[in-house]
Amino acid sequence: MMKRELCVLGIGLVLCLDTSAQESIPVWFNGQNGISRQVLFTDIDSASFLYGNTVGSFYMNGGMSSAMFSLVNGLDSISFSVPEGQSEPFPSAGDFDVEFSPDDRTTYVNAEEVIPGEDDPDFNDFLEHYTFTNTLTITYSGGKASCDRSVKGVTVNISGAHVNVVANVGKLRFVLKGSTDNGSFKIASDNKFRIDLSGVDITNPKGAAINIQSHKSVYLVLGKNTTNTLRDGSVYEEVENEDQKATLFSEGQLLMSGSGSLSVTSLSAHGICSDDYIRLRDNLGTLTVDAAVDGINAKKRLMMYGGKVRIDAGDDGLVARMGHIMLMGGELDVTAVDNGVDATYSQNDTTYIMIGGGFQRIETTGSKGHCISCTGRMYADSATVQTLAAGDASKCMNCYGDLSIADSRITMKTMGDPMYNEEEMDFSSASGIRCRSNLTVTDSYIGVSSIGAGGKGFNCDGNIRLDNSDITLVSSGGYATRDTDSVKPRALECLKLSIGKDVTLNICATHHAINAASYEQRGGDVFAISTNDGTLPVKVSAGLNLTGGMLYQSKY
């Protein structure tokens, strides 16, 4: 029988083994992180030492896999007896799993909504700072409506169940209740006012159910233990010099609170729209929006601190047309044809999306329908997010500025195939994260599964930096070709990949698992697998620098 020898030098350890009689003896690579990886001695082809004997490289399985260890900050020892700590085999492609966890909906955290002082620019957003001395109750009953009292400076005109209010005084509170299938509430005022929905059901076949023609703050309160419903019609009746873009429309700031429930349906327009900004307070109850166009649309900015918000939109889910979006608390469920959460417009130096708390489940179905999309920067801190992009060339997180993720749990799935751009003569693929600048991930879990042809996990034009995180990226689809052009499924693409300590990166693709100009690893464990026999799992064009941790590669 042939003699097989293995000599390993490193960390002051010399091991030489003659295994003419024991060719299936197990070998453990014991990492400094307390995890041991097991292989059979017969599967080890050779060992070499690189970069001034600071890196040990072990080739296995006929050259189909390899493990590179930093001998300074990665490998502790090599042993032939069962280690005392945690022992695991090197993984295969089938070991990398990405699934939505039902626990995410119960374990998320909310950012605190702090009631500001008088000098704060958001002071006017808070109902707690105001008292309302005059209350008018509007009651709907079939084809009629009534108002319980008159107030000096307030004109109430009623035609059937259509109520038109002109208010020239402040500190007004309107209470809406009752039901009508052909009515509305419209108000014009130069002062702040409050609207309480107190068990009201309004359908307006020819326009908005609630039409607020005021540029001042409007406090919309969902009454405790009340169920409220607003619906529009399939065609809006135009009114000269007047917008009504939604079933619930406001020219001014729309500030929503109260523990009741509200269901909004639009057959032809947005569900809720403000031509200023929208704030959903932390004490908001249940808000359900079913809209032909956008679910909730704000011009300047949109902030969510609470509530259980569910949106089904024929276009976008949540939109800020010229401002930022902040998702800080509550539960948000969006199903949209186009973008789920959208802050994309030409002034990309000012817009951003911040996810700072709460739970978000976002699904998009149309081609190039991105779950979260922003032309500026994007931030996730203490976020819990689940996204599913089902359409061709769709992205779960699409960002033109820097993208920063910290202390978050984000799970992403894409299903679509690529689309070919005739003008640019290039493919656009589905991706978990598509970032045109730099991506930073710290103290987080991220899982991405991309099953369509040419799909990507992380696709970044700039640099990617990973620290103290657990990341799984799987691109399992096939190739897509058009004439001489092709797009390949790769799990991670960037300019420079920098991996810090305490990182576990499980990454698998039909083509390259990692495609980067340069690669720097200071710690952690990286498992890169290509399921296309012979394709390099890690392709680095400008240099690989391993000063800590382990890099494992497998070609099958």
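Everything quoted here is computed from the prediction, not taken from an experiment.
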J.: Return the OG1 to CG distance between Thr504 and Asn33, rounded to the nearest 0.5 Å.
T.: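 Between Thr504 OG1 and Asn33 CG, I get 7.5 Å after rounding to 0.5 Å.
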J.: Check the side chains of Asn398 and Ser373 for a donor-acceptor pair under 3.5 angstrom, ignoring hydrogens and angles.
T.: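 Present: a donor and an acceptor within the cut-off.
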J.: Please check this pair: side chain of Tyr345 against backbone of Gly323, looking for a donor-acceptor N/O pair closer than 3.5 Å.
T.: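 Side chain of Tyr345 to backbone of Gly323: a pair is present.
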J.: Going by atom types only, do Arg321 and Asn297 share a side-chain donor-acceptor pair under 3.5 Å?
T.: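 Distance-only check passes for Arg321 and Asn297.
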J.: Distance alone, cut at 3.5 Å: any donor-acceptor contact between the side chains of Tyr108 and Glu331?
T.: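 Yes.
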J.: Using only heavy-atom distances, determine whether the side chains of Asn468 and Asp443 contain a donor-acceptor pair under 3.5 Å.
T.: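 Judged by distance alone, the side chains do pair up.
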J.: Does the side chain of Asn61 come under 3.5 Å of the side chain of Ser65 through a donor N or O and an acceptor N or O?
T.: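 Ser65 and Asn61 do have a side-chain donor-acceptor pair below 3.5 Å.
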J.: Look up atom CZ in Phe527 and atom CG in Leu505, then write down how far apart they are to the nearest 0.5 Å.
T.: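 Interatomic distance, Phe527 CZ to Leu505 CG, rounded to 0.5 Å: 9.5 Å.
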J.: Do the side chains of Asp275 and Lys300 get close enough for a salt bridge, i.e. N-O under 4.0 angstrom?
T.: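 Salt bridge: no.
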J.: Give the minimum heavy-atom separation between Val55 and Leu546, together with the two atoms involved.
T.: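 Shortest heavy-atom contact: CG2-O, 3.5 Å.
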J.: For Met550 and Gln521, which heavy atoms make the closest approach, and how far apart are they?
T.: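 That closest heavy-atom pairing would be O-NE2, 2.9 Å.
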J.: With Met412, which of Leu388, Leu473, Ile446 fulfils side-chain contact (heavy atoms from CB on, under 4.5 Å)?
T.: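 Exactly one pass, corresponding to Ile446.
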J.: Would Lys413 pass as a cation-pi partner of Phe100, given that its NZ or CZ must be under 6.0 Å from the six-membered ring centre and within 45 degrees of the axis?
T.: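 Satisfied, under 6.0 Å and within 45°.
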J.: Taking the six-membered ring of Tyr400, is NZ or CZ of Arg436 closer than 6.0 Å to its centre and within 45° of its axis?
T.: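 Flagged: Arg436 positioned over aromatic ring of Tyr400.
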J.: Please determine if Arg301 forms a cation-pi arrangement with Tyr277, meaning its NZ or CZ atom is less than 6.0 Å from the six-membered ring centre and no more than 45° off the ring axis.
T.: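 Checked: cation-pi criterion met.
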J.: So which heavy atom on Ile355 is nearest to which on Gln360, and how close?
T.: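 Heavy-atom minimum between the residues: CG2-OE1, 3.3 Å.
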J.: For Asp407, is there any backbone N or O sitting under 3.5 Å from a side-chain donor or acceptor partner on Ser444?
T.: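 Judged by distance alone, yes, a pair lies under 3.5 Å.
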J.: Return the NE2 to CG distance between His512 and Asn532, rounded to the nearest 0.5 Å.
T.: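 Those atoms lie 9.5 Å apart.
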J.: Answer yes or no: is there an ion pair linking Arg409 with Asp103, defined by an N-O contact shorter than 4.0 Å?
T.: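 No, Arg409 and Asp103 are not salt-bridged.
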J.: So how far is it from Ile433 CD1 to Phe458 CZ, rounded to the nearest 0.5 Å?
T.: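 Spacing of CD1 (Ile433) from CZ (Phe458) equals 4.0 Å.
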J.: Going by ring-ring contact (aromatic ring centres under 6.0 Å, His included), Tyr552 matches just one of Phe58, Phe90, Phe29, Phe69. Which one?
T.: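 That would be Phe90.
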J.: With no hydrogens and no angle check, just 3.5 Å: does a side-chain donor-acceptor pair link Ser498 and Arg522?
T.: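 Side-chain D/A pair, Ser498 to Arg522: present.
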J.: Can a donor-acceptor pair be found, under 3.5 Å and without considering hydrogens, that links the side chain of Ser475 to the backbone of Arg490?
T.: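 Indeed, once roles are kept as given, a pair shorter than 3.5 Å links the two residues.
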J.: In Å, rounded to the nearest 0.5 Å, how long is the span from CG of Asp342 to CG of Asp294?
T.: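 Rounded to the nearest 0.5 Å, the CG-CG separation comes to 8.0 Å.
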J.: Would one find more than 12 heavy atoms of other residues, nucleotides or ligands at under 6.0 Å from atom CE of Met415?
T.: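 Atom CE in Met415 is not crowded, with 12 or fewer foreign heavy atoms closer than 6.0 Å.
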J.: Looking at every heavy atom in both Met68 and Ser57, which two are closest together, and how far apart are they?
T.: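 For Met68 versus Ser57, the nearest heavy atoms are CG-OG, 3.7 Å.
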J.: Please give me the minimum heavy-atom distance between Ile278 and Cys273, naming the atom from each residue.
T.: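 Smallest interatomic distance, heavy atoms only, reads CD1-C, 4.5 Å.
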J.: Do Asp290 and Thr265 have side-chain N/O donor and acceptor atoms under 3.5 Å apart?
T.: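 Side-chain D/A pair, Asp290 to Thr265: absent.
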J.: Taking all heavy atoms of Ser394 and all of Thr414, pick out the closest pair and write down the distance.
T.: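 Closest approach of Ser394 to Thr414: O-CG2, 4.2 Å.
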J.: When you check the side-chain N and O atoms of Asp104 and Gln386, is any donor under 3.5 Å from an acceptor?
T.: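 Asp104 vs Gln386: donor-acceptor pair found between side chains.
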J.: Please round to the nearest 0.5 Å and tell me the distance separating atom CG of Leu280 and atom NZ of Lys308.
T.: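 Those atoms lie 15.5 Å apart.
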J.: For a quick check under 3.5 Å, do Gln32 and Asp76 share a side-chain donor-acceptor pair by atom type?
T.: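 There is no such pair between these side chains.
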J.: Between Lys395 and Ser428, do the side chains contain an N or O donor and an N or O acceptor separated by less than 3.5 Å?
T.: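 Short answer, yes.
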